Amino acid sequence: MPLNNKTPRSGPLAGLKVVDLTHVMAGPTCTLMLADMGADVIKIEKSPNGDDTRHSVPPKIGDEAASFLMMNRNKRGIVLDLKTAGGKQVLRRLIAGADVLVENFAPGAMERLGFGYEELHRDFPTLIYCSLSGFGRTGPYKHRRGFDLVAQAMSGIMSFTGERPDGPPVKCGPPLSDITAGLLASMGILAAYSHRLKTGEGQWVETSLYEAALVQTYWQSTIALATNVAPRAMGSAHPLNAPYQAFEASDGWLVVGGANKKHWLLMLEALGASELAADPRFVNGSDRMANLKELEAELSARFRKQSRAHWLAALDDKGVPCGPVHDMLEALNDPQTLAREMVVEVEHSTVGSVKTIGLPVKFSATPGKVRTGAPVYGEHTREVLREYGFDEAEIDAFERDGAIVTASATRKEQVA
């Protein structure tokens with residue numbers, strides 16, 4: 001079944017066919033990674049309202065939700081009602097031609113629809129079936145729905161995030177468990193694909209928001225398992241090394257990694273504070289951690305005397321790891337961001353040029369590419385069904401029965 005000739009695919013996964021039954025964040029992150037690396041991802045949205053991120057507004061770009069545009073570029077979009085016989089018929093044919101299926105439905109939903117792993121594995125033994133959920137398919141919480149906020153809370157992350165140990169629990173700003181779960185799922189799919197290339201066998205790959213959050217706690221888990229003491233919030237400081245945190249200059253904030261012996265001494269030279277090297281409170285790393293508050297006070301008083309640009313230049317000249325604390329606009333416009341093509345523009349079929357985050361993995365021989373903007377609702381339904389052998393009469397019948405939605409029908413409704 002040929003790919004869409006209008007959007008030739010490049011990248012190491014060119015030719016891989018993915019059926020994407022995911023929504024919102026974790027699942028779409030997974031399929032976004034695959035699509036950016038060249039896979040033909042067919043995103044299946046529900047009828048009548050589509051992916052929930054279509055309604056996560058503001059902001060909007062034209063008539064489209066910016067959040068949906070970010071998470072679904074490089075994918076082709078169709079709309080199916082999987083409660084109808086026609087919708088099930090279409091999905092089954094797509095799966096028959098697919099290498100990978102990714103889903104993040106509520107626990108048990110795929111089984112109720114007739115698309116659970118056991119049934120599909122029996123009929124399509126080479127299929128790689130990937131599930132993302134709140135807590136995984138085993139254990140006492142396997143039936144619970146999953147949300148990033150809950151995963152961050154239950155994993156311990158919120159207990160050690162914040163400014164001070166006696167402060168309230170604080171959630172990390174980005175949806176940490178959602179994005180990490182998506183990355184882990186894409187990694188798992190590629191490992192399963194490697195296994196299939198060797199053996200011809202498909203398998204079930206699954207991960208969860210809860211596990212994705214737990215793997216972000218390696219350092220804090222190390223401390224808890226070794227000492228039986230739960231780490232608490234430390235602001236921007238590191239739980240094992242010092243100084244490794246943010247400091248305020250006269251006109252803004254910067255971060256400094258002066259934790260090992262070499263960088264500690266070089267940082268003191270840059271600060272003009274070499275006398276602190278002989279201070280018994282700060283001689284080695286364990287001393288500095290034991291006296292972290294005093295260390296912060298000594299260094300903070302010095303950093304406040306000069307501008308951020310002054311200190312960044314002085315520290316960089318000595319080879320000390322450092323950087324400014326950017327807001328999001330500063331980060332997106334940083335020359336390194338632009339040089340690495342981490343902000344790129346892509347054409348969307350209705351709203352024109354859209355800025356989006358670029359590919360974080362670079363390949364010398366098979367580079368991926370942001371090729372197409374996110375699909376409008378039902379944009380590729382008719383195109384994809386044609387590719388998979390349905391004729392125009394069948395497609396029209398599916399549309400009349402409500403089994404599918406096409407972009408042309410959606411536009412007619414909007415005009416009406």
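Values in this document were obtained by computation on a predicted structure and should not be read as measured data. No hydrogens, no waters, no symmetry mates; every other heavy atom, side chains included, goes into these values.
Looking at S307, its side chain never comes within 3.5 Å of a backbone N or O of S250 through a donor-acceptor pair. K88 places a side-chain N or O within 3.5 Å of a backbone atom of L82 that can act as its donor or acceptor partner. Counting only distance, with no hydrogens or angles, the side chain of S186 and the backbone of L183 share a donor-acceptor pair below 3.5 Å. Put simply, the side chain of N291 never gets that close to the backbone of F282: no donor and acceptor are under 3.5 Å apart. A donor-acceptor pair is defined here as one N or O able to donate and one able to accept, closer than 3.5 Å; such a pair exists between the side chain of S159 and the backbone of G156. Of the possible donor and acceptor atoms, none in the side chain of T207 sits under 3.5 Å from a partner among the backbone N and O of A185. The closest donor-acceptor contact from the side chain of Y129 to the backbone of E206 lies at 3.5 Å or more, if one exists at all. Judged by distance alone, with hydrogens and angles left aside, the side-chain atoms of T53 form no donor-acceptor pair with the main-chain N or O of S56 at under 3.5 Å. E394 places a side-chain N or O within donor-acceptor distance of the main-chain N or O of D391, the cut-off being under 3.5 Å. A donor-acceptor pair under 3.5 Å is absent between the side-chain atoms of R137 and the main chain of H143, judged by distance alone.
Side-chain contact, Q220 with T217: no donor N or O sits under 3.5 Å from an acceptor N or O. H238 and Q245 share no donor-acceptor pair across their side chains, judged by distance under 3.5 Å alone. Side chains of T406 and E399: a donor on one and an acceptor on the other come within 3.5 Å. Between the side chains of T350 and H348, at least one donor N or O sits under 3.5 Å from an acceptor N or O.
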Is there a side chain to side chain donor-acceptor pair (under 3.5 Å) between Q216 and T180 once you walk through the steps?
CA-CA 8 Å; Q216 292 285 348; T180 304; 2.9 Å; yes
Q. Step by step, would you call D81 with S47 a side chain to side chain donor-acceptor pair (under 3.5 Å)?
A. CA-CA 5 Å; D81 184 347; S47 176; 5.1 Å; no
- Message: Assess the residue pair V41 and N74 against the criterion (side chain to side chain contact (heavy atoms under 4.5 Å, CB included)); give the C-alpha distance rounded to whole Å, side-chain angles, the decisive distance to 0.1 Å, and a yes or no.
- Response: CA-CA 8 Å; V41 175; N74 276 348; over 6 Å; no
Go through it in stages, so that I can follow the logic: the residues are I44 and L94, the test is side chain to side chain contact (heavy atoms under 4.5 Å, CB included), and I'd like the CA-CA distance, side-chain angles, deciding distance and then a yes or no. CA-CA 10 Å; I44 298 171; L94 295 180; 3.9 Å; yes
Practice item. Run the numbers on E341 and K362 for salt bridge (Lys or Arg N to Asp or Glu O under 4.0 Å), then give the verdict. Key: CA-CA 10 Å; E341 297 184 327; K362 275 61 175 180; over 6 Å; no
* Asked: For L190 and M33, what are the C-alpha separation, side-chain angles and deciding distance, and is it a side chain to side chain contact (heavy atoms under 4.5 Å, CB included)?
  -> CA-CA 11 Å; L190 297 181; M33 294 295 107; over 6 Å; no
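By the salt bridge (charged side-chain N to carboxylate O under 4.0 Å, His left out) test, D148 pairs with no residue at all, sequence neighbours left out. Listed by chain and residue number, nothing satisfies the ring-ring contact (aromatic ring centres under 6.0 Å, His included) test with F147 (two or more places apart in sequence, or in another chain). Applying the ring-ring contact (aromatic ring centres under 6.0 Å, His included) criterion to F115, with sequence neighbours excluded, gives no partner residue. In this structure, the ring-ring contact (aromatic ring centres under 6.0 Å, His included) partners of H121, at least two apart in sequence or on a different chain, are Y117. D166 pairs by the salt bridge (charged side-chain N to carboxylate O under 4.0 Å, His left out) definition with R164, not counting sequence neighbours. T161 is linked by a side chain to side chain contact (heavy atoms under 4.5 Å, CB included) to I157, V170, C172, counting only residues two or more places apart in sequence or in another chain. Every residue two or more places apart in sequence or in another chain that forms a ring-ring contact (aromatic ring centres under 6.0 Å, His included) with F303 is listed here: F247, W311.
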Donor-acceptor pairs under 3.5 angstrom involving side-chain atoms of residues 254-267: please list them, not counting sequence neighbours.
from : atom 1 : to   : atom 2 : distance (Å)
N260 : OD1    : K262 : N      : 3.3
N260 : OD1    : H263 : N      : 2.8
N260 : OD1    : H263 : ND1    : 3.4
N260 : ND2    : H263 : ND1    : 3.3

Sequence neighbours left out, cut at 3.5 Å: what donor-acceptor pairs do the side chains of residues 96-111 make with other protein atoms?
from : atom 1 : to   : atom 2 : distance (Å)
D99  : OD1    : R196 : NH2    : 2.8
D99  : OD2    : K17  : N      : 2.8
E103 : OE1    : F105 : N      : 2.9
E103 : OE2    : S131 : OG     : 2.6
N104 : OD1    : H23  : N      : 3.1
N104 : OD1    : H23  : ND1    : 3.1
N104 : ND2    : H23  : O      : 3.1

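In this structure, L295 and A242 approach most closely via the heavy-atom pair CD2-CB, 4.0 Å. Counting all heavy atoms, side chain and backbone alike, A270 lies closest to L315 at CB-CD2, 3.8 Å. For V376 against S349, the heavy-atom pair with the smallest separation is CG1-OG, 3.8 Å.
No side-chain heavy atom of I404 sits under 4.5 Å from any side-chain heavy atom of I78. R340 is listed as a side-chain neighbour of Q336, based on a closest heavy-atom distance under 4.5 Å. A 4.5 Å side-chain heavy-atom check between P175 and I179 finds at least one atom pair inside the cut-off. Here the side chains of P239 and P231 are not in contact, with every heavy-atom distance at 4.5 Å or above. Under the 4.5 Å side-chain criterion, counting only non-hydrogen atoms from C-beta, E45 is in contact with F68. Looking only at side-chain heavy atoms (C-beta outward), R92 and L120 come within less than 4.5 Å of each other. Proximity of L332 to I357: side-chain heavy atoms (C-beta onward) are separated by under 4.5 Å at one or more points. No side-chain heavy atom of V215 sits under 4.5 Å from any side-chain heavy atom of E211.
With respect to K293 and E296, a salt bridge is recorded, a charged nitrogen being found less than 4.0 Å from a carboxylate O. Between R76 and E379, none of the side-chain N atoms (NZ, or NE/NH1/NH2) sits under 4.0 Å from a carboxylate O, so this pair counts as no salt bridge. Checked for salt-bridge contact, R308 and E248 miss the test: no charged N lies under 4.0 Å from a carboxylate O. A salt bridge between E298 and R302 is present, with a side-chain N of the basic residue lying under 4.0 Å from a carboxylate O of the acidic one. A salt bridge links K46 to D52: at least one charged side-chain nitrogen sits closer than 4.0 Å to a carboxylate oxygen.
Counted within 6.0 Å of NZ on K171, heavy atoms from surrounding residues, nucleotides or ligands total more than 12; the atom is thus considered enclosed.
Identified under the side-chain hydrogen bond (donor to acceptor under 3.5 Å, both in side chains) test for residues 227-236, with sequence neighbours left out: none. Screening residues 63-73 for side-chain hydrogen bond (donor to acceptor under 3.5 Å, both in side chains) gives D36-R73, K43-N72, R54-E64, N72-K75, R73-T356 as the qualifying pairs, with residues at least two apart or on separate chains. Sequence neighbours left out, not one pair with a member in residues 326-337 passes salt bridge (charged side-chain N to carboxylate O under 4.0 Å, His left out).
Taken from CD1 in I42 to CD1 in I95, the straight-line distance is 11.0 Å, to the nearest 0.5 Å.
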